[in-house]
There are 2 protein chains.
Amino acid sequence: MNKHPKRTTISDVAEHAGVSRAAVSKVLRGAYGVSDIMKARVEASMDVLGYRPSALARGMRGRSFTLGVFVVDLSNTFVTVLIEGIRAEAGSRGYQVFIGEANMGLAQQKQMIEAMIDRKMDGLVLIAPFGPDEELEKIGRITPTVVLGRHGPGQDYDTVASDDLAGSALIVDHLVSLGHRRISHLKHVGTEKNEATMPQVVRADGYVKAMVHHGLDDEIDVIETRWNHQGGADAVDLMLDRDLPPTAVHTGTDMAGFGVLSRFHELAVPVPEAFSVVGYDNAFAASLPQISLTTVDQSGFEMGSLASRLLVERIEGRMEPVSTLVKPTLMVRNTTGPVPAGSRVKPELLRNVAQG
Amino acid sequence: MNKHPKRTTISDVAEHAGVSRAAVSKVLRGAYGVSDIMKARVEASMDVLGYRPSALARGMRGRSFTLGVFVVDLSNTFVTVLIEGIRAEAGSRGYQVFIGEANMGLAQQKQMIEAMIDRKMDGLVLIAPFGPDEELEKIGRITPTVVLGRHGPGQDYDTVASDDLAGSALIVDHLVSLGHRRISHLKHVGTEKNEATMPQVVRADGYVKAMVHHGLDDEIDVIETRWNHQGGADAVDLMLDRDLPPTAVHTGTDMAGFGVLSRFHELAVPVPEAFSVVGYDNAFAASLPQISLTTVDQSGFEMGSLASRLLVERIEGRMEPVSTLVKPTLMVRNTTGPVPAGSRVKPELLRNVAQG
DNA sequence: TGGCTTATGTAGATCGGTCTACGTTTTTAC
DNA sequence: GTAAAAACGTAGACCGATCTACATAAGCCA
């Protein structure tokens with residue numbers, strides 16, 4: 001005895017109200033050409049019958065009232081905040097939000113996005129997708145698209161990104177003001193080619209520019225690693241292996257920052273007394289007092305709701321691309337401090353620890 | 001110039017291959033009555049035209065090949081692991097997984113689930129939904145459903161849960177073996193009524209049973225609070241305010257555990273020297289060395305893939321409900337230690353600290 | 001070779017809505 | 001008071017697939 005309480009359809013409502021199916025459809029859509037009397041009667045029937053239109057059938061011709069959010073990695077708590085913003089705005093405009101994840105590379109990403117298109121979702125938010133810009137253009141030509149977390153502008157899609165250039169500058173300024181000069185930066189490197197619009201590229205660019213601005217051209221030190229826990233941990237060993245190790249690091253993302261802190265913790269290198277660490281994203285764990293990671297906050301909720309708003313605009317007809325940048329803010333916590341006095345950073349000592 | 005590269009439909013393929021639409025449909029579904037020659041020709045045409053069937057249209061009569069995962073709170077990193085498991089299994093069986101979140105109460109949860117049904121998703125996985133069991137039965141009668149994280153059995157849905165009774169026992173056993181006797185427990189209390197199948201109820205029950213088992217009937221201390229960071233922090237003040245404060249706490253969930261640790265950190269109460277803390281879920285942050293929270297691991301990936309498997313079975317016709325329990329394991333880390341010597345737990349002292 | 005069964009392909013209804021075209025009333029305007 | 005315009009409601013094609021019936025062709029057996 002399953003699935004048998006047959007759904008009420010638009011025909012049932014029409015019959016019950018004694019009008020045509022087209023009339024019910026009009027009421028449903030709030031379309032022109034409905035008298036108040038008829039509207040009331042139809043709505044009453046809907047109520048009595050407990051009618052809910054099939055979003056699937058509606059989608060066949062009209063809108064599906066569904067937005068798709070594509071994510072590479074749900075376990076990154078920062079994207080959760082973005083999604084919160086997306087949902088809030090979309091919900092208030094009558095759209096349902098469904099999230100699709102794909103973390104096994106470009107092919108899987110493509111498949112997921114196609115799955116969304118095949119389900120005729122009215123619009124897509126792509127959170128930090130990989131792949132070349134042209135791929136995104138292609139998607140944008142098929143369906144309304146907003147790319148979140150990559151810099152613009154695009155031809156056929158909108159972008160919402162944090163001003164990563166400014167974010168990196170905030171970090172470097174902060175560290176320099178604490179007296180640091182040897183500041184390293186962790187740049188994400190994956191299997192895919194880096195596009196100029198990707199955050200890792202812009203953050204690295206901002207880091208270099210800021211270093212130059214402070215006259216620290218000679219101290220520029222970009223370490224390529226993966227932006228995850230392991231990548232951060234690995235980078236520590238690399239840094240400590242330098243002839244003259246840095247005194248601070250801009251880890252590019254909190255996840256890598258956690259890895260850095262973990263490794264330092266294992267090595268009993270005191271943070272921030274011996275080494276300053278700055279993350280990026282203001283993920284949940286960064287705020288835990290035992291971690292208390294200095295980081296850059298991207299006001300994810302606002303970015304998310306802005307993306308939603310742009311997407312709905314686009315669905316409703318806007319064609320010109322919009323590219324926005326949100327100002328980040330620095331969250332100074334307890335992993336950054338004054339540069340250690342020269343005596344306290346014995347490179348030899350640090351290297352020994354690393355090998356022990 | 002948008003959205004105009006008109007999609008190829010089944011008719012296009014049929015025409016190109018010189019067969020009927022029905023024939024193409026048969027090939028698509030792998031249905032009976034297709035010669036090898038025709039199959040090859042149709043598939044070639046699909047290839048040439050770059051055909052992808054509309055999942056929407058397919059769903060109108062047949063399956064939509066879509067599974068819906070309902071989640072209350074995506075920011076809980078444990079559900080991310082569950083989703084990973086669900087996706088792995090579902091993907092290998094040709095289903096797409098879409099996630100819907102609703103964290104603003106029962107009404108929003110209901111709306112989200114209805115939205116999934118309205119889109120004719122083939123089956124639903126509900127992760128720790130709230131509301132009465134009957135509500136779940138109602139859903140299960142409409143569409144194949146697996147409930148993840150609530151204990152069974154259900155009449156018209158399957159359940160996959162961690163053995164919370166055993167989990168609580170593991171925790172209490174561990175603490176008792178360290179010499180603790182005054183062990184408190186944090187029980188989640190929300191705005192909704194607690195059902196007997198909800199984890200907070202079973203964990204509390206397991207805690208009580210385990211305490212009784214160790215002859216600690218008189219030390220049973222269940223504190224009702226919210227299972228989040230703030231709830232954990234608040235509970236610390238409550239515990240320290242007791243005439244004879246406990247020496248250990250089973251926080252019910254890692255999120256509350258983080259709150260407990262945070263508050264202790266603020267109060268400079270050393271963990272585990274003065275107080276032992278155990279979480280539940282083995283969330284990501286629990287593994288960070290600075291946190292290193294002793295907790296219970298629920299092997300989320302396995303639970304997720306098991307749920308997927310059950311759901312597909314149900315979609316394919318099974319009617320008898322299945323109710324499974326997965327064994328949890330204890331992860332001993334650095335927030336639990338031997339009970340402090342009597343002198344070190346001066347209740348007065350702790351209370352002063354709390355007020356300072 | 002006739003009679004049956006099995007294999008292969010097609011026509012056309014169907015799913016539950018939307019949307020265009022058109023007929024009928026009711027208003028408005030002069 | 002009548003023509004033109006606006007308001008209201010309906011019929012029926014359509015979206016892109018699935019699925020049931022049925023027609024035709026091929027294979028099998030005696």
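Just so we're on the same page: letters track the sequence lines, and every chain starts at 1.
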Check the interface with nucleotides 22-28 of chain C: list each N/O to N/O pair with the protein under 3.5 Å, or write none.
none

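No side-chain heavy atom of B:Asp158 sits under 4.5 Å from any side-chain heavy atom of B:Ser323. Proximity of A:Val147 to A:Thr197: side-chain heavy atoms (C-beta onward) are nowhere separated by under 4.5 Å. No side-chain heavy atom of B:Arg58 sits under 4.5 Å from any side-chain heavy atom of A:Asp118. Side chains of A:Val79 and A:Leu148 form no contact here, defined as non-hydrogen atoms less than 4.5 Å apart.
Residue pairs that meet the side-chain hydrogen bond (donor to acceptor under 3.5 Å, both in side chains) test with at least one member in residues 26-37 of chain B, sequence neighbours left out, are B:Ser25-B:Arg29. Identified under the side-chain hydrogen bond (donor to acceptor under 3.5 Å, both in side chains) test for residues 93-108 of chain B, with sequence neighbours left out: A:Glu84-B:Asn103, A:Arg87-B:Glu101, A:Arg87-B:Gln108, B:Arg63-B:Tyr95, B:Glu89-B:Arg93.
OP1 or OP2 of C:dA7 lies within a sub-4.0 Å distance of a side-chain N or O belonging to B:Tyr32.
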Per-nucleotide protein contact string for nucleotides 11-17 of chain C (B base, S sugar-phosphate only, - none; heavy atom under 4.0 Å): B-BBBBB
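Annotation: the terminal axes of the helix from C:dT1-D:dA30 to C:dC30-D:dG1 meet at 30°, where each axis is the rotation carrying the C1' atoms of four end pairs onto the next four (5 pairs per end, rounded to 10°).
For the 3.5 Å distance criterion, the side chains of A:Thr66 and B:Arg119 qualify, holding a donor opposite an acceptor.
Note on A:Lys138 versus A:Asp156: no salt bridge recorded, every NZ/NE/NH1/NH2 to OD/OE distance being 4.0 Å or above.
From the 5' end on, the contacts that DNA chain D makes with chain B at under 4.0 Å to a non-hydrogen atom open and close at D:dG16 to D:dC19.
In this structure, the side chain of A:His151 engages the main chain of A:Ser162 through a donor-acceptor pair within 3.5 Å. A donor-acceptor pair under 3.5 Å links the side-chain atoms of B:Ser308 to the main chain of B:Ile86, judged by distance alone.
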Pairs under 3.5 angstrom only: tabulate donor-acceptor contacts from the side chains of residues 68-78 of chain B to other protein residues two or more places apart or in another chain.
{"residue": "B:Asp73", "atom": "OD1", "partner": "B:Ser75", "partner atom": "N", "Å": "3.0"}
{"residue": "B:Asp73", "atom": "OD1", "partner": "B:Ser75", "partner atom": "OG", "Å": "2.7"}
{"residue": "B:Asp73", "atom": "OD2", "partner": "B:Ser75", "partner atom": "OG", "Å": "3.2"}
{"residue": "B:Asn76", "atom": "OD1", "partner": "B:Phe78", "partner atom": "N", "Å": "2.9"}
{"residue": "B:Thr77", "atom": "OG1", "partner": "B:Phe284", "partner atom": "N", "Å": "3.4"}

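Residues meeting the side-chain contact (heavy atoms from CB on, under 4.5 Å) test with B:Ala14, sequence neighbours left out: B:Arg21, B:Val24. Judged as a side-chain contact (heavy atoms from CB on, under 4.5 Å), and not counting sequence neighbours, the contacts of A:Glu134 are A:Pro132. Applying the side-chain contact (heavy atoms from CB on, under 4.5 Å) test to B:Leu49 and every residue at least two apart in sequence or in another chain returns B:Thr8, B:Asp12, B:Val13, B:His16. A:Gln155 meets the side-chain contact (heavy atoms from CB on, under 4.5 Å) test with A:Glu137; sequence neighbours excluded.
Non-hydrogen atoms lying under 4.0 Å from DNA chain C are contributed by nothing in residues 34-44 of chain A.
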